[in-house]
Amino acid sequence: MTKASRAVASPRVVNIEDLRTLARARLPKIVFDYLDGGAEDEVTLQANRRAFDAVTFRPRLGVPTDPCDLRTRVLGFHVSFPALLAPVGYSRLMHADGEIAASRAAGAAGTIYILSTISGHRLEDVKAASSGPVWYQLYLLGGREAAEAALERARLAGFSALVVTIDAPVAGMRERDFRNGMKELLGGSLLSKLPFLPQLLARPGWLTEFLLDGGVPKLPNIVVSGQGPMPLIDVGAALARTAVTWEDLDWIRKAWPGPMVIKGVLTGDDARRAVDEGAVAVVVSNHGGRQLDCVPATLRVLPEVVAAVNGRAEVLMDGGVRRGSDIIKAICLGARAVLVGRAYAYGLGAAGEAGVARALQILRADVERTLKLLGCTSIAALNRSYVDVSASWQGS
Ligand code: GLV
């Protein structure tokens with residue numbers, strides 16, 4: 001057992017915030033801030049979290065709650081509890097095992113892993129690492145031809161659904177990344193890198209692993225014909241080339257005959273449009289507060305989207321989930337399941353696979369405890385009657 005895996009297994013690690021603290025201690029500032037930060041004033045980043053506090057529970061006491069069934073089905077796939085692992089770009093910078101570690105931990109926990117296009121391990125290896133379903137998240141980085149090639153590889157490798165992210169026509173203004181020199185460190189000249197190097201030297205454990213792993217990874221799932229895997233570029237440059245429009249869905253659907261999920265929906269109108277375009281699920285998401293700042297918290301718009309979709313597709317949500325009770329609240333407000341991003345990525349940054357496993361164990365135990373305290377015996381039995389929303393939300 002490594003020192004990092006011992007740290008995440010400590011009985012003193014009781015919640016996701018504790019894993020965040022460990023990730024902060026192991027990762028250089030540039031990597032931690034990329035993961036932790038949001039756009040501009042981080043208003044939406046904070047609103048996502050706070051929205052959960054505005055929802056209170058209405059427990060039913062004196063009810064037997066054993067056994068308690070945490071399972072649900074997402075697009076027909078059984079999951080052991082209703083949290084999927086969201087696509088997280090640059091995971092291989094958080095830990096050398098990156099997406100492989102996360103996918104393996106997801107499978108072991110009985111849930112689904114969603115692989116980001118901006119990934120450092122080959123999609124075939126990521127799929128092979130998990131004993132459960134793996135989905136592929138698409139950005140158009142590298143252009144249409146590169147995307148079609150990735151989708152064909154994903155289909156052959158056995159990925160079971162495609163998640164198309166529509167909220168990134170350009171990158172949000174993540175000010176922490178600029179200050180930390182992400183652009184210079186990932187793409188600049190040696191001279192321009194110099195002022196930013198001390199933050200890497202301050203984390204010798206991470207730095208040693210990073211160098212042994214070969215330094216800045218390539219993007220092996222974006223292969224531009226004749227040029228090989230695309231080099232890793234900073235997030236601003238990467239997301240400047242990812243715009244997906246409704247028109248693109250025509251060719252994407254031809255290139256991907258399997259189920260398609262649209263991620264990044266924040267209004268009833270866009271949710272309806274996504275379903276009309278063939279989505280079997282939508283993800284209510286503001287990209288974890290990393291794109292347009294000052295859009296509402298996802299939990300707040302979830303009821304509007306659920307009403308608009310009206311049972312024609314499944315509704316998932318992400319943004320600000322740090323506790324099992326957050327997961328239960330989202331389900332009470334109509335989500336089929338949630339996606340967790342930072343919550344597991346803090347674990348990944350803290351200790352690779354062991355950290356992700358710990359994050360999922362914490363969330364699962366939380367979900368079970370919360371259900372029992374609520375007096376409910378299954379995820380399937382949850383509904384709006386178990387929560388009250390803040391009066392200021394009424395009519396929203
Ligand atoms: C990548 O998708 C990011 O939000 O950083």
Side-chain angles (χ1 to χ4, degrees), residues 27 30-39 85-103 106 113-127 134-151 153-154 157 159 162-172 174 176-177 180 182-183 185-187 210 213-224 227-244 252 261 263-264 283 285 287-291 318 339-342 344-345 348-349 356:
L27 297 174
I30 180 177
V31 180
F32 178 77
D33 276 350
Y34 164 74
L35 159 61
D36 194 60
L85 276 63
V88 171
Y90 301 81
S91 291
R92 194 165 177 169
L93 295 182
M94 297 167 201
H95 192 279
D97 298 338
E99 300 83 6
I100 293 194
S103 157
Y113 176 67
I114 308 174
L115 175 67
S116 167
T117 292
I118 309 179
S119 42
H121 284 282
R122 294 174 66 248
L123 62 87
E124 291 81 1
D125 299 337
V126 175
K127 171 69 183 76
V134 184
W135 299 356
Y136 189 71
Q137 177 270 341
L138 185 70
Y139 281 136
L140 298 186
L141 191 58
R144 174 168 169 177
E145 213 186 298
E148 284 171 344
L151 294 180
R153 279 172 62 192
F159 281 69
L162 176 70
V163 177
V164 180
T165 303
I166 57 163
D167 61 10
V170 292
R174 296 127 186 230
R176 302 195 210 183
D177 293 347
N180 293 332
M182 195 182 207
K183 188 157 160 233
L185 278 171
L186 290 181
F210 172 75
D213 192 40
V216 177
K218 292 218 183 249
L219 296 169
N221 302 316
I222 309 174
V223 182
V224 182
Q227 291 173 32
M230 195 165 171
L232 188 65
I233 47 176
D234 73 275
V235 67
L239 294 189
R241 305 190 205 158
T242 56
V244 177
I252 291 174
V261 179
K263 174 169 174 282
V283 186
S285 173
H287 215 115
R290 302 159 75 79
Q291 288 295 102
D318 68 14
L339 274 51
V340 291
R342 291 185 184 86
Y344 86 78
L348 181 67
V356 180

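- Separating the CG atom in Leu27 from the CZ atom in Phe210 is a distance of 12.0 Å, to the nearest 0.5 Å.
- Between atom CG of residue Leu123 and atom OH of residue Tyr136 there is a gap of 6.0 Å, rounded to the nearest 0.5 Å.
- Across all their heavy atoms, Leu348 and Ala101 have their closest contact at CD1-CB, 4.0 Å.
- Judged by distance alone, with hydrogens and angles left aside, the side-chain atoms of Asp97 form no donor-acceptor pair with the main-chain N or O of Ile100 at under 3.5 Å.
- At distances below 3.5 Å, not a single donor-acceptor pair connects side-chain atoms of Thr242 with backbone N or O atoms of Leu141.
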What do the steps show when you test Asp234 against Asp177 for side chain to side chain contact (heavy atoms under 4.5 Å, CB included), and what is the final call?
CA-CA 9 Å; Asp234 73 275; Asp177 293 347; over 6 Å; no
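- When side chains are defined from C-beta on, Val126 does not count as touching Asn221, because their heavy atoms never get closer than 4.5 Å.
- Both the sub-6.0 Å distance and the 45° axial angle are satisfied by Arg290 relative to the ring of Tyr34.
- Scanning both residues, Val223 and Arg153, for their nearest heavy atoms gives CG2-NH1, 3.8 Å.
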When you look at Leu185 and Asn180, which way does the side chain to side chain contact (heavy atoms under 4.5 Å, CB included) test go after all the steps?
CA-CA 9 Å; Leu185 278 171; Asn180 293 332; over 6 Å; no
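- Across all non-hydrogen atoms, the minimal contact from Ala147 to Leu140 is CB-CD2, 3.9 Å.
- Judged purely by atom type and a 3.5 angstrom limit, Ser103 has no side-chain atom pairing as donor or acceptor with the backbone of Tyr113.
- Between Leu219 and Ile118, the closest side-chain pair of non-hydrogen atoms falls below 4.5 Å.
- The minimum heavy-atom distance between Ala106 and Leu85, with the atom names listed, is CB-CD2, 3.9 Å.
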Where do Arg92 and Leu232 land on the side chain to side chain contact (heavy atoms under 4.5 Å, CB included) test, with the steps shown first?
CA-CA 11 Å; Arg92 194 165 177 169; Leu232 188 65; over 6 Å; no
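- The distance from atom CD of Gln137 to atom CD1 of Ile114, rounded to the nearest 0.5 Å, is 8.5 Å.
- Here the CG atom belonging to Asp36 is positioned 12.5 Å from the CZ atom belonging to Arg174, to the nearest 0.5 angstrom.
- Shown here for Leu35 and Ala345, the closest heavy-atom pair between the two residues is CD1-CB, 3.4 Å.
- The CD atom of Glu124 sits 7.5 Å away from atom CZ of Phe159, with the distance rounded to the nearest 0.5 Å.
- In this structure, the side chain of Arg342 engages the main chain of Gly37 through a donor-acceptor pair within 3.5 Å.
- Tested against Asp167, the residues His287, Lys263, Gln291 include a single side chain to side chain donor-acceptor pair (under 3.5 Å) partner, His287.
- Glu99 places a side-chain N or O within donor-acceptor distance of the main-chain N or O of His121, the cut-off being under 3.5 Å.
- Across Gly142 and Ile222, no two heavy atoms sit closer than the pair CA-CG2, 3.9 Å.
- How far CG of Leu93 is from CZ of Phe32: 15.0 Å, rounded to the nearest 0.5 Å.
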Mind running side chain to side chain contact (heavy atoms under 4.5 Å, CB included) on Arg241 and Ile233 for me, showing each step along the way?
CA-CA 11 Å; Arg241 305 190 205 158; Ile233 47 176; 3.8 Å; yes
